[in-house]
Amino acid sequence: MTDKNVDYIIVGQGLAGSCLALQLLFRQKRVLVIDRVREHAATRVAAGLFNPVTGRQMTMTWLADTLFPYLHSFYVQAELFLQSKFFFPMPLYRPFVSIEEQNEWMGRSSDADYSRYIEALHTNSAFARQVKNPLGGLLLKQCGYIDTTVFSDALRDYLKRKDALLDEDLHEHELKTDKNAVIYRNWRARRIIFCTGEMAKQTSFFSWLPIRPLKGETLTIATNEPVEVIYNRGVYVVPHLWKVGATYTHDTSPSITEVGKVELTDKLNELIAFPYSVVNQQWGFRPTTPDRRPLLGPHPAFEQIVIFNGLGTKGVSLAPYFSEELTRWMENGHPLDQSVDINRYKSLFSKSA
Ligand SMILES: Cc1cc2nc3c(=O)[nH]c(=O)nc-3n(C[C@H](O)[C@H](O)[C@H](O)COP(=O)(O)OP(=O)(O)OC[C@H]3O[C@@H](n4cnc5c(N)ncnc54)[C@H](O)[C@@H]3O)c2cc1C
């Protein structure tokens with residue numbers, strides 16, 4: 001017997017499930033979220049950084065001109081909706097390591113594609129009390145961080161107040177489908193969306209997708225230094241949260257490691273000039289994909305069973321925009337961008353069947 005109708009059931013309340021739930025709530029849709037908090041879920045471990053110019057080569061991230069203005073308005077709207085503060089735009093400073101790099105950025109700074117992200121280019125040491133940068137560095141704008149714990153907990157509290165949260169794991173054997181609906185216990189919905197991050201492999205519907213866990217470790221430090229920018233070179237240091245990260249390894253052990261701690265502290269000591277102590281260390285697995293693009297769309301055999309995953313190393317900047325992309329598909333039939341549609345991996349489903 002079903003007696004509770006909702007529009008959507010969302011499984012998992014990390015960045016993917018949270019942003020999707022908000023997109024639906026902004027549109028007055030009725031949602032049920034099923035999620036059990038896991039201390040080591042990527043969203044709870046993440047430093048929450050967003051930065052449009054990334055990587056060792058410092059290149060513009062994919063779709064930066066679309067994703068970054070979008071995330072700004074999304075998180076501001078989310079703060080208003082949830083009456084909570086978790087969005088902290090803030091410049092990011094990256095010291096130069098060679099004269100060649102300094103010259104290259106002097107050239108790039110006149111390129112319109114890059115200049116809109118550059119706040120200042122320093123050819124001499126800046127922030128010298130706090131960071132080691134004898135050759136100066138680049139101060140980037142449109143960067144900042146989300147306090148992902150405050151964000152997740154604020155939405156969780158909202159859902160609890162609306163009786164829209166099941167604080168437990170989904171029991172897949174209790175899930176039934178009919179032509180136009182999914183039924184879970186006494187809940188009936190138009191669709192169910194799996195946002196279970198690196199645990200997607202444990203879902204029989206989507207275990208065929210190539211979601212690869214990429215382990216990361218972070219440190220939390222304590223310091224009295226009044227830092228107001230994010231420092232980033234080898235590692236990042238996020239002020240206020242005082243998170244330092246992250247490592248990237250294919251190690252599958254579910255624990256922190258001494259190797260991770262040494263790597264992070266060595267890189268931190270090369271970057272910063274102020275005293276600190278390490279007070280915590282965390283680990284988690286990022287849900288990555290071979291082509292580094294998110295995974296969105298319906299199961300090949302069940303249109304009402306959907307996935308939103310593959311946020312990889314950039315969940316903070318990808319989740320807002322692509323949760324809207326998925327919402328527009330579910331609500332208005334707007335076609336999904338092929339580069340994120342799970343259809344691109346359909347041959348893997350045929351092989352698994
Ligand atoms: C160390 C580290 C640092 C990072 N730093 C950053 C950063 O600075 N910036 C950035 O943009 N990204 C960062 N990331 C990546 C980012 O954390 C991820 O892209 C993002 O959090 C993935 O979100 P998700 O919702 O897909 O998965 P998750 O955060 O893993 O959430 C999945 C949720 O689903 C729940 N769940 C799973 N199975 C079930 C089930 N059967 N029933 C009910 N609930 C279930 C889990 O408990 C969890 O709550 C970092 C990741 C790591 C590990």
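We count ligands from 1, going down the list as the structure has it; atoms in each ligand are counted the same way. Small disclaimer: the values here were computed from a predicted structure and weren't measured. For the single chain, residues carry numbers from 1 onward in sequence order.
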Which segment of [X] sits under 4.0 Å of ligand 1 when only heavy atoms are counted:
X: Lys215; value: neither
X: Leu318; value: neither
X: Glu172; value: neither

With heavy atoms of [X] as the reference, note each atom of ligand 1 found under 4.0 Å away.
X: Gly48; answer: 7 (C), 8 (O), 9 (N)
X: Arg286; answer: 51 (C), 52 (C), 53 (C)
X: Gly284; answer: 53 (C)
X: Gly216; answer: 1 (C)
X: Gly14; answer: 25 (O), 29 (O), 31 (O), 33 (C)
X: Ile34; answer: 43 (C), 44 (N)

Which class fits the ring pair [X] and [Y]: parallel under 30°, tilted 30 to 60°, perpendicular over 60°?
X: Tyr158; Y: Phe81; value: tilted
X: His40; Y: Trp283; value: parallel
X: Trp62; Y: Phe322; value: parallel
X: Tyr145; Y: Phe88; value: parallel

Does any N or O of ligand 1 fall below 3.5 Å from an N or O anywhere on [X], backbone included?
X: Gly315; answer: yes
X: Thr218; answer: no
X: Val45; answer: no
X: Phe285; answer: no
X: Asn309; answer: no
X: Leu49; answer: yes
X: Gly17; answer: no
X: Asp169; answer: yes
X: Ser317; answer: no
X: Ala16; answer: yes

Do the two ring centres, one from [X] and one from [Y], sit under 6.0 Å apart?
X: Trp105; Y: Tyr114; result: yes
X: His72; Y: Phe87; result: yes
X: His299; Y: Phe349; result: yes

Subject >> Ring-face cation of Arg185 near Trp187 (centre distance under 6.0 Å, axis angle within 45°) >> reply: no
Students should be able to answer this: which protein heavy-atom is nearest to [atom], and at what distance?
atom: atom 5 (N) of ligand 1; answer: Ala47 N, 3.5 Å
atom: atom 30 (O) of ligand 1; answer: Ala42 N, 3.6 Å
atom: atom 10 (C) of ligand 1; answer: Thr313 O, 3.4 Å
atom: atom 34 (O) of ligand 1; answer: Gly12 CA, 3.2 Å
atom: atom 29 (O) of ligand 1; answer: Thr43 OG1, 2.5 Å
atom: atom 41 (N) of ligand 1; answer: Leu170 N, 3.9 Å
atom: atom 27 (O) of ligand 1; answer: Gly197 CA, 3.4 Å

Taking the minimum heavy-atom distance to [atom], which of [options] ranks first?
atom: atom 18 (C) of ligand 1; options: Gly312, Ala319, Ala46; answer: Gly312
atom: atom 35 (C) of ligand 1; options: Leu311, Leu241, Asp35; answer: Asp35
atom: atom 32 (C) of ligand 1; options: Ala41, Cys195, Ser152; answer: Cys195
atom: atom 11 (O) of ligand 1; options: Asp167, Val316, Ile10; answer: Val316
atom: atom 47 (O) of ligand 1; options: His171, Arg38, Gln282, Glu168; answer: Arg38

**OP:** Would you mind listing every salt bridge (charged side-chain N to carboxylate O under 4.0 Å, His left out) that reaches into residues 10-19, with sequence neighbours excluded?
**Re:** none
Original post:
Rounded to the nearest 0.5 Å, how far apart are CG of Leu214 and OG1 of Thr252?
Top reply: 12.0 Å
Regarding [X] and [Y], is there a side-chain donor-to-acceptor distance under 3.5 Å anywhere?
X: Ser204; Y: Glu172; answer: yes
X: Asn51; Y: Tyr117; answer: no
X: Glu263; Y: Thr247; answer: no
X: Tyr93; Y: Asn133; answer: yes

**OP:** Would you check if Tyr248 and Arg286 make a side-chain contact, meaning some heavy-atom pair closer than 4.5 Å?
**Re:** yes
Can you tell me if [X] has a non-hydrogen atom under 4.0 Å from ligand 1?
X: Lys243; result: no
X: Tyr236; result: yes
X: Gly245; result: no

Got a list of side-chain donor-acceptor pairs under 3.5 Å for residues 28-35, not counting sequence neighbours?
| from | atom 1 | to | atom 2 | distance (Å) |
| --- | --- | --- | --- | --- |
| Lys29 | NZ | Glu331 | OE1 | 3.2 |
| Arg30 | NE | Asp7 | OD2 | 3.4 |
| Arg30 | NH1 | Asn5 | O | 3.4 |
| Arg30 | NH2 | Asp7 | OD1 | 3.3 |
| Asp35 | OD1 | Gln13 | N | 2.8 |
| Asp35 | OD2 | Arg156 | NH1 | 2.9 |

**OP:** Please name the residue in the list Leu138, Val97, Thr123 that meets the side chain to side chain contact (heavy atoms under 4.5 Å, CB included) test with Gln102.
**Re:** Thr123
Subject >> Sole candidate of Leu296, Ile211, Thr289, Ile342 that passes side chain to side chain contact (heavy atoms under 4.5 Å, CB included) when paired with Asn309 >> reply: Ile211
**OP:** Indicate yes or no for a side-chain donor-acceptor contact from Glu228 to the backbone of Met90 under 3.5 Å, with no hydrogens or angles considered.
**Re:** no
